[in-house]
Every structure is written in C-alpha cells, then in structure tokens.
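In listed order, ligands and their atoms are each counted from 1.
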Amino acid sequence: MASSKTITVEVDDVSYIDDVEPRLLLVQYLRERLGKTGTLIGCDTTNCGACTVHLDGVSVKSCTMFAVQADGHSVTTIEGLARDGKLAPLQQAFHECHALQCGFCTPGMIMQSASLLAENPHPTEQEIRDGLEGNLCRCTGYQNIVAAVQAAADGTVSADGTVSADSDEAETAGVA
Ligand code: FES
Ligand code: FES
C-alpha cells in the first residue's frame, strides 16, 4: 500500500501498530483487521449507531471516523467491556431487563448507554431516551432498553450480575 499510514492505537486494552489506508473507516479496521465483529454496521448514513464504540471513553460512531483519526487514541468496543469473565452492569442489565432480541443494535446501544451514564449517572427516563436517540433498534420498541439503563443507573444490577431483591426501584425498572 503505497499511501498507507502507520497508526498506533489501543483497542480493548491491547496496543496495535498497523499500516492502514487513509480512507479505511475505523469500523472496518475494527472488524476486518482486528476481528472485533461485535461492532456492527447497520447503515451508510450515520443514523443507526450500531457501530458505536468509545474513543478515549466517549462514544463515537466508528463508521464515521477514519482509522487514522484513532492514531494515538484508545478505543473500547463491546468486547472490552466485561472484566475477568464478568459482565459489566449494563450488559447484565440488558440481559435481566430483556433489552435485546436480535442483538444487532445491542453492542452500539450498550456503548452509547455507558457513555450516557458516564456523563449523567442518574438520568431521567426522558434523558435516557434523548441520550439514545442516535441508536436505532428494530426489535424491542425501546421500552426495555430504557428500563435496563435505568436499572444500571440505579445500581439494582451489580457487576457480578446480582440483582437486589427487594428494591422498589428494581420493580419500576422492570428488573424484579
Ligand atoms: S453503521 Fe449506522 S451509524 Fe454507523
Ligand atoms: S434488538 Fe434487534 S435491532 Fe435492537
């Protein structure tokens, strides 16, 4: 590749040095070069959010960034969220609240939700809906996704998957 550029990027806590064409999209780099196929492509116009990852902790649509723009930065995909085999609270909450069906939107939805909760740890229902407006889902009708984010925010789902048994908030969030 005559016009290739060398990038150094950290993805899910692993450092990579790669030669990439300047036009290679970050989502293509993640999927095709690194095999991170949990990051998905659902459109070609930046609408769906299925490709959402974190760049230095903030959500971005990886279909709308070039891999060269990630040079020197840290990327987290859905595959970097679990720790020591334990689901992150948001992953567990999506499971507990039945917030997915086909699962195609789910990685992007969870990455966006994580970014949302980092910015606003205790969002209202409306703030969750607004915060996820860049992520489309064809299956769930969104209701249980909102409940899952609320449950993760309320701490009614813990990192080890334990759901607090007697919490009223858990019932409200559709967890109990
Ligand atoms: S693939 Fe649809 S927004 Fe990125
Ligand atoms: S679970 Fe199928 S698109 Fe969201």
Side-chain angles (χ1 to χ4, degrees), residues 7 9-12 16 18 20-71 73-82 87-120 123 125-153 156-157 161 163 173-175:
I7 60 169
V9 61
E10 189 178 282
V11 181
D12 297 339
Y16 298 88
D18 267 316
V20 296
E21 271 191 78
R23 67 176 180 170
L24 185 74
L25 296 172
L26 179 59
V27 70
Q28 292 172 316
Y29 174 70
L30 294 172
R31 290 178 55 83
E32 295 163 22
R33 192 72 69 86
L34 303 189
K36 301 266 179 190
T37 52
T39 302
L40 293 147
I41 301 170
C43 74
D44 56 10
T45 49
T46 319
N47 296 313
C48 77
C51 62
T52 305
V53 299
H54 292 179
L55 186 77
D56 298 332
V58 177
S59 62
V60 294
K61 290 181 173 178
S62 62
C63 72
T64 311
M65 259 190 76
F66 294 116
V68 291
Q69 292 176 292
D71 185 25
H73 294 279
S74 165
V75 175
T76 308
T77 77
I78 190 69
E79 290 161 56
L81 227 53
L87 296 181
L90 264 169
Q91 292 175 305
Q92 187 65 32
F94 269 61
H95 171 65
E96 299 291 341
C97 296
H98 307 289
L100 62 142
Q101 291 178 34
C102 80
F104 196 96
C105 74
T106 313
M109 201 65 87
I110 289 179
M111 297 313 286
Q112 177 57 25
S113 300
S115 196
L116 166 67
L117 290 184
E119 262 179 48
N120 180 1
E125 176 180 344
Q126 193 56 50
E127 286 170 339
I128 293 171
R129 290 183 183 275
D130 290 347
L132 297 179
E133 69 182 358
N135 292 71
L136 304 182
C137 175
R138 295 189 70 165
C139 303
T140 64
Y142 300 99
Q143 194 67 25
N144 288 358
I145 292 174
V146 175
V149 176
Q150 199 80 66
T156 48
V157 178
V163 180
V175 179

Q: Looking only at heavy atoms, is any part of Val27 under 4.0 Å from ligand 1, and if so is it the side chain, the backbone, or both, or is it neither?
A: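 It is neither part, as no heavy atom is under 4.0 Å.
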Q: Taking all heavy atoms of Ala153 and all of Leu117, pick out the closest pair and write down the distance.
A: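 Looking at all heavy atoms of both residues, the shortest contact is CB-CD2, 3.8 Å.
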Q: Below 4.0 angstrom from a heavy atom of Gly103, which ligand 2 atoms are there? Numbered from 1 as shown, please.
A: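 The list of qualifying atoms is 1 (S), 2 (Fe).
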Q: Would you say Cys63 has an N, O or S atom lying under 2.8 Å from atom 2 (Fe) of ligand 1?
A: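 So Cys63 does not bind atom 2 (Fe) of ligand 1 by this criterion.
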Q: Between Glu125 and Arg129, is the closest basic N to carboxylate O distance under 4.0 Å?
A: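 Yes, this pair counts.
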Q: State the OG-CG distance between Ser115 and Asn120, to the nearest 0.5 angstrom.
A: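 Result: 11.0 Å between the selected atoms.
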Q: Is any N, O or S atom of Cys139 under 2.8 Å away from atom 2 (Fe) of ligand 2?
A: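 Under 2.8 Å: Cys139 contacts atom 2 (Fe) of ligand 2 through an N, O or S atom.
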Q: Should you measure from each heavy atom of Thr46, which atoms of ligand 1 turn up under 4.0 Å away?
A: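 Near Thr46, meaning under 4.0 Å from one of its heavy atoms, ligand 1 has 3 (S).
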Q: Under 2.8 Å from atom 4 (Fe) of ligand 1, is there any N, O or S atom belonging to Cys51?
A: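 Given the 2.8 Å cut-off, Cys51 counts as a ligand of atom 4 (Fe) of ligand 1.
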Q: With a cut-off of 2.8 Å, does Cys105 place any N/O/S atom under that distance from atom 2 (Fe) of ligand 2?
A: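 No, outside the cut-off.
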Q: For ligand 2, which atoms have a heavy atom of Arg138 less than 4.0 angstrom away?
A: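 Contacts of ligand 2 toward Arg138, numbered from 1: 3 (S).
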Q: Can you name the atoms of ligand 2, numbered from 1 with element, that are less than 4.0 Å from a heavy atom of Gln101?
A: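 Numbered from 1, ligand 2 contributes 1 (S).
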